[in-house]
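Structure, as structure tokens:
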Amino acid sequence: MDMSVNLVIVESPAKAKTIEKFLGKDFKVISSFGHIRDLSKKNIGIDVENGFKPEYIIPDDKKKVVNELKKEAARASQVWLASDEDREGEAIAWHLVQVLNLPPEKTKRIVFHEITKEAIEQAVSSPRGINISLVDAQQARRVLDRLVGFQISPILWKKVPLALSAGRVQSVALRLIVEREREIIAFKPVSSFRITGEFIIDADREKGAIIKAEASKKFNREEDAKEFLQLCADASFNIADITVKPGTRFPAPPFTTSTLQQEAYRKLGFSVAQTMSVAQRLYEGGMITYMRTDSTNLSQLAINTAAGIIKKEYGDNYSRPRQYRTRSKGAQEAHEAIRPAYMAKKIIQGNQQEKKLYDLIWKRTAASQMSDAKIEKTNITIGVSNSDTPFIAQAEVIKFDGFLKVYRESSDANGENGYETVIPPVKKGMNLEYDKITAQEKYTSPAPRYTEASLVKKMEELGIGRPSTYAPVISTIQNRGYVAREDRPGESRPVNIMILSGGRIKASVKTEKSGFEKSKLFPKDIGIIVNDFLVEHFSNIFDYHFTANIEVQFDKIAEGEKEWVTMLDEFYGPFHKKVSSTLKEAERKTGARVIGTEPDTGEPVYAKMGRYGPVIQIGDASEDKKPRFASLRKGQLIETIGMEEALELFKLPRKLGEHEGEEMLVGMGRFGPYVKHKNNFYSLKSKDDPYSITHERAVELIEEKKEADKKKEIKRFGDILVLNGRYGPYISYEKQNYKIPRGTDPESLSQEDCMNIIKKNSGSGKKK
DNA sequence: CAGTGAGCGAGCTTCCGCTTGACTT
């Protein structure tokens, strides 16, 4: 009857389920769902005067879990704390001891890095106590982040209109995007001429085999390129040299959160949030290991299983078991790499996204355990008789594909690598003739804008953020309105081309697109102003190396070499002084910039941050005069907008004349151009131009919209409308929408039914 | 949903990391 009851607490319910299977009947395994306590939000949750004493509370959404944990702990004779073996995991265990009132004799701390029977049994047989130094390092981290976030954000509210938040991680992510944008704005493309030739082997003339090669030098000036082509017209060509070098390609290590997000973006087009939510489902379904990890480590069992499968599928020579070392900064390595739970399962059940992501994980894991690829690089130098600039042909041949059989990592750089895979057989000294030699103008391009995925990569390199926060941080800076993911159509520019063929040079001009962008991160005005304010006043904290530097301090605390309160004291002294002085002295920042003067009136034209967003202001306010304002459009920046564009903004709203006794106005709104009439808005179609739209066309748009609205209407009782919407029928009343309960025929609703639905739903409905 | 734009004052917001649901007007 009185058998021993063991309670094991882990962080995730999916993990609990798996572990319970290994431990048998005497063990009950439950989950804490991550942290169970956090700092109170009142008075920033820290008693700064009193050794930074944290005030911990149990958040509302954790109360249920904590009660459950308390109940189970009371029933157990032994509690095993099995949270992750890193700073955060140790802190979770410590909070559990505090909150559940666990006596030492009944509490054991265990850790395991992989979820296998052996690893878990091994962990249970070697318990330890809580490592309080590690807990202190976590507390220092937590308190520092709260101090930075909760003392700097309020400064922003006061000093920068529309600013909302600052933090150790989000503000550096923002800075990366702003500084990249400035690099791009300042970038001046330079063009040069790249010369490529197609050559025919004299002896092989009938076969028509062609060697493509590029001149070893680029020409900055068009005249020089032309001169070179003229030389080529009279030159003879021969194979001057051939070198063949063996090379090796190595597989990429298994996935971490960061590399999974990058590859899923590049290969599958998933956003980082999308990748995480699909991975979460795979994890909960027991199909992959944990998806928030910075470790490239694989369990021995996984390595062995993979080896067996690779040998069977591809042959013994394709197998090469290996363990990868984790290289990223600040890695805590509490988990394995992201891999299939069962390598034997090559395909899984699930939706398309799940299947695709699983397939990617399977291939990456398999490839990491496969042989290197063997390649052969051939360099052929083609001599030009009357010039010392030769042509070079490069070829790369895969001699043994190895891991490339299943997986090849994508790269962020777009564009070809210039390698041919096939080259006709040639010998040194052979004579060649040109078929065609082309000089094409090529422009240099600036560093690329960040995608969500490449930003995560950069953050990981800098050691800011953790696997669990990459996706949320990227959402945060977008939700705050600091940056936006946008497309840009790009601009056309002319490119000069000269082609030498049959002894004659023909020049032509083509156009190419530059600056085309798809789903890139662009800073918005408010993001730029916030960033400049933060960098101006808190350059040391929003420095790219700040996190790396304090991580060294946290490590010292974890090693017991430093007191966490001492560390915070050293940080807080100068920090708080800076907070106070900034609050007192810093100027309000609106990013104001003088563009010039309006030609007609001679009044000054400014771009600046207004109360509701970025605006152009013409003229200054005085007793008898009001300045004129116009909002900037999407894609325009305070920093770069020019006079012509600025004045264009004042051409709208434009009066179109009267219709049914009231003025029609055409304007530009958040959702594009519109016609306003009797306080209703009518969107222009894409073929309509707000600057030239006619009275007649505007009336047409109004009538069309009225007609469409009539079709939407099912019923009407005074100002209660029953309408057909995108998500099915709904009730519209006083600018609020109400869902009609499932199974109700909207035709059958009476006025009283509608009122009931409205009353029932208006209590819970919160306005945003 | 889209017209605003000076200044004042009240009451509000905010961080990072650990984990999943509950939401789908």
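Every chain is numbered from 1 and lettered A, B, ... according to where its sequence line falls, protein lines coming before strand lines.
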Measure from [atom1] on [X] to [atom2] on [N] and round the result to the nearest Å.
X        : N      : atom1 : atom2 : result
A:Gln280 : B:dC18 : CD    : P     : 14 Å
A:Lys678 : B:dA2  : NZ    : C1'   : 19 Å
A:Lys62  : B:dG21 : NZ    : C1'   : 11 Å
A:Lys41  : B:dC15 : NZ    : C1'   : 9 Å
A:Ile46  : B:dC15 : CD1   : C1'   : 10 Å
A:Ile36  : B:dC18 : CD1   : C1'   : 11 Å
A:Gln138 : B:dT19 : CD    : P     : 13 Å
A:Ile541 : B:dC15 : CD1   : P     : 15 Å

- Message: By nearest atom, which of the nucleotides B:dC15, B:dG5, B:dT19 is closest to the A:His335 side chain?
- Response: B:dT19
- Closest to side chain of A:Phe629, choosing from B:dA2, B:dC15, B:dA6: B:dA6
Counting any heavy atom closer than 4.0 Å, what does [X] reach on the DNA or RNA strands: base, sugar-phosphate only, or nothing?
X        : result
A:Val169 : sugar-phosphate
A:Pro472 : nothing
A:Asp38  : base
A:Arg281 : nothing
A:Ser32  : nothing
A:Ala166 : sugar-phosphate
A:Arg141 : base
A:Gly465 : sugar-phosphate
A:Gln170 : sugar-phosphate
A:Tyr290 : sugar-phosphate
A:Gly34  : base
A:Tyr283 : sugar-phosphate
A:Lys626 : nothing
A:Gly45  : nothing

- Item | Centroid separation A:His95 to A:Tyr56 less than 6.0 Å | yes
- Message: Is the distance between the ring centroids of A:Tyr290 and A:Tyr283 under 6.0 Å?
- Response: yes
Distance test, side-chain N/O of [X] to OP1/OP2 of [N], below 4.0 Å:
X        : N      : value
A:Ser468 : B:dC18 : yes
A:Ser165 : B:dC15 : yes
A:Thr469 : B:dG17 : yes
A:Gln151 : B:dT14 : no
A:Arg654 : B:dG3  : no

- Salt bridge present between A:Glu551 and A:Arg87 (N-O < 4.0 angstrom): yes
- Query: Side-chain donor or acceptor of A:Arg292 under 3.5 Å from a matching atom on the base of B:dC18?
  - Reply: no
- Message: Under 3.5 Å, is there any donor-acceptor pair linking the side chain of A:Arg142 to the base of B:dC15?
- Response: yes
- Message: Among residues at least two apart in sequence or on other chains, which ones pass side chain to side chain donor-acceptor pair (under 3.5 Å) with A:Lys678?
- Response: A:Glu660
- Item | Which residues share a side chain to side chain donor-acceptor pair (under 3.5 Å) with A:Asp145, sequence neighbours left out | A:Arg141, A:Arg168
- Task: Would you indicate whether the side-chain heavy atoms of A:Gln98 and A:Arg37 approach each other to under 4.5 Å?
- Result: yes
- Task: Could you check if a side-chain atom of A:Ile132 sits within less than 4.5 angstrom of a side-chain atom of A:Glu90, using non-hydrogen atoms only?
- Result: no
- Item | All side-chain contact (heavy atoms from CB on, under 4.5 Å) counterparts of A:Ser271, not counting sequence neighbours | A:Ala273, A:Gln274, A:Glu452, A:Arg485
- Task: State which residues pass side-chain contact (heavy atoms from CB on, under 4.5 Å) with A:Tyr572; sequence neighbours excluded, sorted by chain then number.
- Result: A:Val48, A:Phe52, A:Leu147, A:Gln151, A:Phe575, A:His576
- Message: A:Lys676 vs A:Glu663, test: salt bridge (charged side-chain N to carboxylate O under 4.0 Å, His left out). Steps then yes/no.
- Response: CA-CA 8 Å; A:Lys676 199 184 99 175; A:Glu663 186 69 61; over 6 Å; no
- Task: Please confirm whether the backbone N or O of A:Leu455 pairs with a side-chain atom of A:Tyr470, one donor and one acceptor, at under 3.5 Å?
- Result: no
- Relative to the 5' end of DNA chain B, which residue comes earlier, A:Lys15 or A:Pro627, by the nucleotide with the nearest heavy atom? A:Pro627
- Note on the structure: Those stems involving DNA chain B that have three or more consecutive Watson-Crick or G-U pairs, both distances under 3.5 Å, are none
- Could you say whether the aromatic ring of A:Phe150 and the base of B:dT14 stack, counting only centre distances under 5.5 Å and plane angles under 30°? yes
For nucleotides 8-13 of chain B, list the nitrogen or oxygen atoms of the protein found under 3.5 Å from its nitrogen or oxygen atoms, one pair per line.
unit_1: B:dT13; atom_1: O2; unit_2: A:Trp157; atom_2: NE1; d: 3.4

- Task: Among A:Asp84, A:Asp86, A:Thr289, A:Thr293, find the residue that satisfies the side chain to side chain donor-acceptor pair (under 3.5 Å) test when tested with A:His335.
- Result: A:Asp84
